[in-house]
Undergrad: 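Take a look at the following structure, please.
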Protein chains: 2
Amino acid sequence: MSYDLILSNIGKYVVLTEMEVTFFTSKLELMEVKKKDFVLHQNERCKHIYFLNNGTLRAFHLSTEGKESTVMFAIADWWITDMHAFTNNASSIMNIMAVEDSQLLALSYVNLERIWSQLPKFEKFFRILLQKAYVREQLRSIQNLSLSAPERYDRFISKYPEIVKKVTKKQIASYLGVTPEFLCTIRAKNVDT
Amino acid sequence: MSYDLILSNIGKYVVLTEMEVTFFTSKLELMEVKKKDFVLHQNERCKHIYFLNNGTLRAFHLSTEGKESTVMFAIADWWITDMHAFTNNASSIMNIMAVEDSQLLALSYVNLERIWSQLPKFEKFFRILLQKAYVREQLRSIQNLSLSAPERYDRFISKYPEIVKKVTKKQIASYLGVTPEFLCTIRAKNVDT
DNA sequence: AATAAAAATTAATATACCTTAAGAATACTA
DNA sequence: TAGTATTCTTAAGGTATATTAATTTTTATT
């Protein structure tokens, strides 16, 4: 069933009653997207937060010069959205696109606010989710500042082996902040990978 | 009084009763630190989250090669901690040091858990706090990937003018991920700043 | 006020990473 | 299945930023 994964994801941090499960799942919309479909377009409103049942998504910022910067990848069991645009009803600074055919559960901000007000447990759950997201992003900043590109690549492949299987080298390069050509020379020197 | 600022900070997002204020403030410890005092040492446990009443703090990671990377600055009305170490009772990956004499309110994790369990409003407050921290950090990642050093410097001084007044150029350089020498040449070209 | 220490500046040289370009390998599409 | 587009790879040359070092300015200490 489509809700097993999301319920076990939430169940890691809070325990829900049957009624709470019913209320919560009634707010979810199941979505199927094809490879290369846009889940979110940059500069448009971001109405939903998405949970990945399966597949792979990529969030990327497109600069005025046409340069892509990958903000994050998401695979099964991950949540993804443009958090600023989502929580402030602002226009988004990133695109979210399917790397492969994917199945998502979408939750609108309007519904999330209803959930928060009726089920305070979800405030706790999202607090924990955001705590982990913040820690992850802060660690990324530290590593961007303190490590060379080859070191960042090594950490990436050992930290996210499942993502490495799904996305192109070019996309990894744009996450690490190097050109695909330079990532290639990095890999040529790493005899192993 | 020492609690005015923190209560107005919290009051922006949740409304507290008098009893809740009393309960919450009873968990805070007032601390005074002198310039260059360590509030947190890297590799040690991080027991507290800190709210700045006044002064300036800097969080920085020290690599094995001795290179400093500034993770964040905090001025009056900001919260600061090593979030990973704090929430997981893990050893910290950063130092937090006073840039100038500062007055802090410290809240231990043990007490924060008591507050969360007794006052669910504080789950909401921290959810919002973490949401903003995550968005800020994600934006920083995007800018590190997509902008040149001079552009990053321009954004920094226009986004954080109050911090610019308090910290050294060297510290700003280590936040931007450039050497102090290079920041200097950037500034020399910017006729204005 | 004098001295020491740290930060800021400037400049020469070095290097990590980028740009451009072209060919080879994979992956899509008709 | 061929044809086309995309990604990956390799290499030459270029640029942004680092390194080293020396000087000046600012800040801290006695």
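No experiment lies behind these values; they were computed from the predicted model shown. Order of the sequence lines fixes the chain letters, A, B, ..., with proteins taken first and strands second; residue numbering starts at 1 for each chain.
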Undergrad: Could you tell me, to 10°, how much the axis swings from one end of the helix from C:dA1-D:dT30 to C:dA30-D:dT1 to the other, five pairs per end?
TA: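 Here the helix ends are tilted 60° relative to one another.
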Undergrad: Classify the side-chain pair B:Asn111/B:Arg114 by whether it contains a donor and acceptor separated by less than 3.5 Å.
TA: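 Result is yes, a qualifying pair exists.
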Undergrad: Pair A:Lys12, A:Asp77 - check salt bridge (charged side-chain N to carboxylate O under 4.0 Å, His left out), show working.
TA: CA-CA 12 Å; A:Lys12 277 180 233 162; A:Asp77 207 28; 3.5 Å; yes
Undergrad: Any Lys/Arg nitrogen of A:Arg58 or A:Glu100 sitting under 4.0 Å from an Asp/Glu carboxylate oxygen of the other?
TA: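 Here A:Arg58 does not pair with A:Glu100 in a salt bridge, since their nearest N and O are not under 4.0 Å apart.
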Undergrad: Over how many whole Å does the gap from A:Leu176 atom CG to C:dC17 atom P extend?
TA: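 For the pair A:Leu176 CG and C:dC17 P, the rounded distance is 11 Å.
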Undergrad: Decide side chain to side chain contact (heavy atoms under 4.5 Å, CB included) for B:Val14 and B:Phe122; before the verdict, give the C-alpha distance in whole Å, the side-chain angles of both, and the deciding distance to 0.1 Å.
TA: CA-CA 8 Å; B:Val14 294; B:Phe122 276 85; 5.7 Å; no
Undergrad: How does protein contact run along nucleotides 15-30 of chain D, one letter per nucleotide 5' to 3', with B for base contact, S for sugar-phosphate only, - for none, heavy atoms under 4.0 Å?
TA: --BSBBB------S--
Undergrad: Can you tell me the distance, in whole Å, between the CG atom of A:Asn144 and the P atom of C:dA16?
TA: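 These atoms are roughly 18 Å apart.
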Undergrad: Is a salt bridge present between B:Arg127 and A:Glu123, judged by a nitrogen-to-oxygen distance below 4.0 Å?
TA: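 Between A:Glu123 and B:Arg127 there is a salt bridge, with a charged N closer than 4.0 Å to a carboxylate O.
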Undergrad: Within the pair B:Arg187 and C:dA8, is there a side-chain N or O less than 4.0 Å away from OP1 or OP2?
TA: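 It does not, given that no N or O in the side chain of B:Arg187 lies less than 4.0 Å from OP1 or OP2 of C:dA8.
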Undergrad: Determine, stepwise, if the pair A:Phe60 / A:Gln42 fulfils side chain to side chain contact (heavy atoms under 4.5 Å, CB included).
TA: CA-CA 9 Å; A:Phe60 63 97; A:Gln42 189 166 332; 5.7 Å; no
Undergrad: Rounding to an integer number of Å, can you tell me how far B:Lys170 NZ sits from C:dT9 P?
TA: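 So the NZ-P distance, B:Lys170 to C:dT9, works out to 14 Å.
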Undergrad: For the pair B:Lys34 and B:Asp101, find out whether any cationic side-chain nitrogen is under 4.0 Å from an anionic carboxylate oxygen.
TA: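 Salt bridge between B:Lys34 and B:Asp101, a charged N being under 4.0 Å from a carboxylate O: yes.
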Undergrad: Can you check whether A:Lys169 has a side-chain N or O nearer than 4.0 Å to OP1 or OP2 of D:dT7?
TA: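 No, because none of the side-chain N or O atoms of A:Lys169 sits under 4.0 Å from OP1 or OP2 of D:dT7.
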Undergrad: Please confirm whether the ring centroid of A:Phe126 lies under 6.0 Å from the ring centroid of A:Trp116.
TA: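 Ring centroids of A:Phe126 and A:Trp116 are less than 6.0 Å from each other.
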